[in-house]
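For clarity, every value in this text was computed on a predicted model and none was experimentally measured. In the text below, chain A, chain B and the rest are named by the order of the sequence lines, each starting its count at 1.
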Protein chains: 2
Amino acid sequence: MDDDDLRRGRPTNHKVFGEGHAVLAGDALLTEAFGVLAAADLDPGKRAEALALLAEGAGWRGMAGGQALDLEGETLAAYDLDHLRLIHRLKTGALLRAAVEIGAVLGGAAPVERSALRAYGEAIGLAFQIQDDILDATATDADLGKRAGKDAGRGKITYPSLLGLDGARKALEEATETALCHLASLPNRNSLAAWARYLALRAK
Amino acid sequence: MDDDDLRRGRPTNHKVFGEGHAVLAGDALLTEAFGVLAAADLDPGKRAEALALLAEGAGWRGMAGGQALDLEGETLAAYDLDHLRLIHRLKTGALLRAAVEIGAVLGGAAPVERSALRAYGEAIGLAFQIQDDILDATATDADLGKRAGKDAGRGKITYPSLLGLDGARKALEEATETALCHLASLPNRNSLAAWARYLALRAK
């Protein structure tokens, strides 16, 4: 939907195969995610809960709804940080949170652990999107594997446009700290903590 | 993807809200179907089976895959009836078959009944698509609530273009008969039989 020519340094699906095939590839992969989970050899109750979380994260209450708000936002003259945070929370945060929470469910986490992991996923999703905004404003096409500077080119509202680059970097640090705090009480938290730190470092 | 202005007599989503929002509405509704089923108060084993059937019918092995073949077909000079039947079976038949078979699973049908209902769904899906081809060639925009005659206008391969109108009507009758035959051994088949006859009658 950003009509970019590149992703991860390769030509985008819709540029190579056309918009129709790119849309259908998205439909097919979205459907396949549910199919894989539905056919997995898991405890039936946990599997149903995981499927419901995936639907929440991917659908109108998550990714698809957030992307719709983001598209709509391109037609608005202005909106504030709260609205930008809402868009990010839905567009990117919801599916990352679902990925983390599904792991908690399938791994049999206690309610308090699950809740901490959910909050961690939420914070990491926000951090991911802030760093994406910062990188778009500061990195080169070759660094990103996609076109850089396109937010500013389209007059898009982002963390750097609302807070400046330093303000955006501070917001990224805060989101990363929040994510790490939620992990503090959990055992075996090293790889999740490393992921949070990786996001923060990429945008330095 | 046919870029039509109308569906059921009303302006299409992408004409009113733009292509991006129309694509997202599709993503959100597709996801919501899985979410509703995942959250439904059903026997967990049956629910998982229903979810797997929905994924099979909607994804690359069904609707999305068939629509991709259909799009690709628009770039081919010609293909035969077997290929057209494959496109129809996937694009329309697979999801109708899934709808019928999910009912069989949730209703606790015996294996032989389930297999008959699956074959019925397959035949009804083919009948639906043949009648859609016939109506496009014979009905008015007002009858259809969408633009008529657009297949011929785009040089699209259809049942009427391959078999002529009479041949297409004969194929529709055969598909309807096949559907009715598969119902013959089942109790409470009236509404499913009526649906098969309705499809056949619409295209007279």
* CZ (B/Phe17) with more than 12 external heavy atoms under 6.0 Å -> no
* **Greater than 12 external heavy atoms within 6.0 Å of A/Asn188's CG** =>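 No, because the 6.0 Å sphere around CG of A/Asn188 holds 12 heavy atoms or fewer from other groups.
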* **Portion of A/Glu19 that has a non-hydrogen atom of chain B nearer than 4.5 angstrom** => side chain
* Structure fact -> Ranking A/Ala68, A/Gly35, A/Gly65, A/Ala52 by heavy-atom pairs under 4.5 Å to chain B gives rank one to A/Ala68
* Asked: Checking B/Gln67 against chain A: side chain, backbone, both or neither under 4.5 Å from a heavy atom?
  -> both
* Asked: Considering only heavy atoms, which portion of B/Leu30 lies under 4.5 Å from any heavy atom of chain A: side chain, backbone, both, or neither?
  -> side chain
* A/Asp27 to B/Ala64 - nearest heavy-atom pair and separation -> CB-CB, 4.5 Å
* **Heavy-atom pair with the smallest gap, counting every atom of B/Ala48 and A/Arg47** =>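 For B/Ala48 and A/Arg47, the tightest heavy-atom pair comes out as CB-NH2, 3.2 Å.
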* Pairs of heavy atoms under 4.5 Å with chain A: top-ranked of B/Leu29, B/Leu42, B/Asp43, B/Val23 ->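 Maximum pair count with chain A is reached by B/Val23.
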* Measure the CD-CG distance between A/Glu72 and B/Leu24 for me, rounded to the nearest 0.5 Å. =>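 It is 11.5 Å, given to the nearest 0.5 Å.
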* Atom CZ of A/Arg61 and atom CD of B/Glu32: how far apart are they, to the nearest 0.5 Å? -> 5.0 Å
* Could you check A/Leu37, A/Leu51, A/Leu54, A/Thr31 and say which one makes a side chain to side chain contact (heavy atoms under 4.5 Å, CB included) with B/Phe34? => A/Thr31
